[in-house]
Amino acid sequence: MLNSSHEYTQVLMGTTVSLTLYEPNETVVHRVFHTIKLLEDKLTVNRRHSEVMSINAAAGKHPVIVSRAVFSLIEQAYKVSLMPNSCFNFAIGPLVKLWKIGFQGQQVPSPQQIHDQLLLTDPNEIELDPKTCAVFLKKKGMEIDLGAIAKGYIADVVKVVLQQNNIHQAIINLGGNVLTLGKSPLDKNGNWQIGLKEPFSLNNELVGIIQVNDKSVVTSGIYERYFTLNNHRYHHIFDPSTGYPLDNELESVTVISDTSLEGDIFSTILYGLGVKKAGNYLIEHPNLSAIFVLKNKTIELVNTDNFAFQLVSQQYVLP
Ligand code: AMP
Ligand code: MG
């Protein structure tokens with residue numbers, strides 16, 4: 001059993017990215033961070049140029065041909081944006097840009113501004129051509145935003161890079177999207193221990209510890225990016241039907257799944273469904289597990305076959 005870990009970190013995608021290996025391997029570390037940078041360059045909407053920004057810049061004018069990888073991620077985002085009862089909408093860009101939550105100039109826009117931008121967020125106004133990998137936003141001002149799934153997609157690609165380099169035990173952490181490979185060499189049962197952050201904790205305290213094996217653990221929460229004005233908290237996940245941040249009984253949702261892309265998609269969708277409807281959805285989807293952290297300081301665990309959870313915070317209770 002290997003007993004020492006080697007952690008490598010870089011600030012990328014606006015967050016701290018870390019890779020933990022159990023034997024030092026500078027070549028692999030270089031390949032992993034290089035891969036993340038390349039994908040961020042294609043997918044970001046926080047810079048002037050990227051493949052996604054070229055689609056947005058051509059909104060209302062013409063289709064844009066993108067790489068096969070970016071196209072297939074867009075196809076998935078499109079599909080989940082059209083799912084019934086899904087709060088997921090990758091055409092949400094105009095609202096994200098209007099509110100600027102977590103960025104310079106964050107604001108509560110006027111109802112009129114929100115109304116105007118909402119008219120530019122209909123995913124049905126997006127045309128995809130799989131033959132040519134062309135994406136067309138039909139109205140001027142439309143913008144796609146892959147922020148809710150890009151990290152999940154990138155984590156899965158990093159896993160493939162590691163496997164191609166014969167690494168079968170590792171942890172990738174893309175600022176809240178954690179993907180574990182194989183069994184932990186530090187635990188006799190091979191379980192990885194992943195800390196679940198206590199929402200709004202100032203000293204990085206944990207609600208609990210999640211134990212998984214060869215799984216992805218992704219959290220979406222209202223404490224990740226937000227600002228407060230007049231005692232009201234505005235966070236970064238929007239209700240595509242109102243244009244305001246989603247408001248329900250949840251502080252966070254953590255999804256345990258096989259791939260990080262699924263985890264990223266469903267952490268956002270289950271958060272939007274709220275604990276009751278999300279629980280009903282999960283009964284039909286036993287391959288997905290979830291941990292709901294509620295504002296009333298209780299925790300609900302669903303489909304517990306795929307993980308174990310140990311409560312450590314005294315502020316929260318497990319019913
Ligand atoms: P996540 O942390 O994975 O839940 O994703 C949050 C990010 O997704 C935000 O910072 C926005 O870039 C984007 N986003 C916000 N609201 C939505 C939504 N309703 N559907 C899809 N993406 C969204
Ligand atoms: Mg997500």
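Remember, predicted model here, so these are calculated numbers, not experimental data.
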Which atom pairs, donor and acceptor, lie under 3.5 Å between side-chain atoms of residues 309-318 and protein residues at least two apart or in another chain?
| residue | atom | partner | partner atom | Å |
| --- | --- | --- | --- | --- |
| S313 | OG | E198 | OE1 | 3.2 |
| S313 | OG | Q315 | N | 3.0 |
| Y316 | OH | E251 | OE1 | 2.6 |
| Y316 | OH | K297 | NZ | 3.2 |

Starting from the C-alpha separation in whole Å, work towards a yes-or-no answer on ring-ring contact (aromatic ring centres under 6.0 Å, His included) for F88 and F238. CA-CA 9 Å; F88 194 106; F238 294 103; over 10 Å; no
N124 and D122 side chains, donor-acceptor separation under 3.5 Å: yes
Set of residues satisfying ring pair (Phe, Tyr, Trp, His ring centres under 6.0 Å) with respect to H168, sequence neighbours excluded: none
Hydrophobic cluster partners of F136 (side-chain heavy atoms under 4.5 Å): none
Here the side-chain hydrogen bond (donor to acceptor under 3.5 Å, both in side chains) pairs for residues 67-85, sequence neighbours left out, are E51-S67
With a 3.5 Å cut-off and no angle check, do the side chains of T219 and T254 form a donor-acceptor pair? yes
Test of understanding: with side-chain hydrogen bond (donor to acceptor under 3.5 Å, both in side chains), list the residues that count as partners of E125, not counting sequence neighbours. none
Hey, are N306 and S289 close enough side-chain-wise for a donor-acceptor pair under 3.5 Å? yes
For W192, give me all partners under ring pair (Phe, Tyr, Trp, His ring centres under 6.0 Å), at least two apart in sequence or on another chain. Y22
Do I171 and L19 have side chains that approach each other closer than 4.5 Å (heavy atoms only, starting at C-beta)? no
Pair R47 + E40: basic N to acidic O under 4.0 Å: yes
K215 vs D258, salt bridge (charged side-chain N to carboxylate O under 4.0 Å, His left out): CA-CA, chis, key distance, verdict: CA-CA 5 Å; K215 293 274 178 200; D258 287 331; 2.7 Å; yes
Mind checking what makes ring pair (Phe, Tyr, Trp, His ring centres under 6.0 Å) contact with F71, not counting sequence neighbours? none
Should the pair R225 and Y234 be classed as cation-pi, given the thresholds of under 6.0 Å to the six-membered ring centre and 45° from the axis? no
Residues 137-147 side chain polar contacts: donor-acceptor under 3.5 Å, at least two apart:
| residue | atom | partner | partner atom | Å |
| --- | --- | --- | --- | --- |
| K139 | NZ | L119 | O | 3.2 |
| E143 | OE1 | K97 | NZ | 3.0 |
| D145 | OD1 | G147 | N | 2.6 |

Would you tabulate the side-chain donor-acceptor contacts of residues 152-161 under 3.5 Å, counting partners in other chains and residues two or more places apart, or write 'none'?
| residue | atom | partner | partner atom | Å |
| --- | --- | --- | --- | --- |
| D156 | OD1 | S260 | N | 2.8 |
| D156 | OD2 | S260 | N | 3.4 |
| D156 | OD2 | L261 | N | 2.9 |

Please enumerate all residues that pass ring pair (Phe, Tyr, Trp, His ring centres under 6.0 Å) together with H235, with sequence neighbours excluded. Y271
Tell me which pairs pass side-chain hydrogen bond (donor to acceptor under 3.5 Å, both in side chains) where either residue lies in residues 24-33, with sequence neighbours left out. R31-N165
Suppose we screen for side-chain hydrogen bond (donor to acceptor under 3.5 Å, both in side chains). Which residues come up paired with T121, at least two apart in sequence or across chains? none
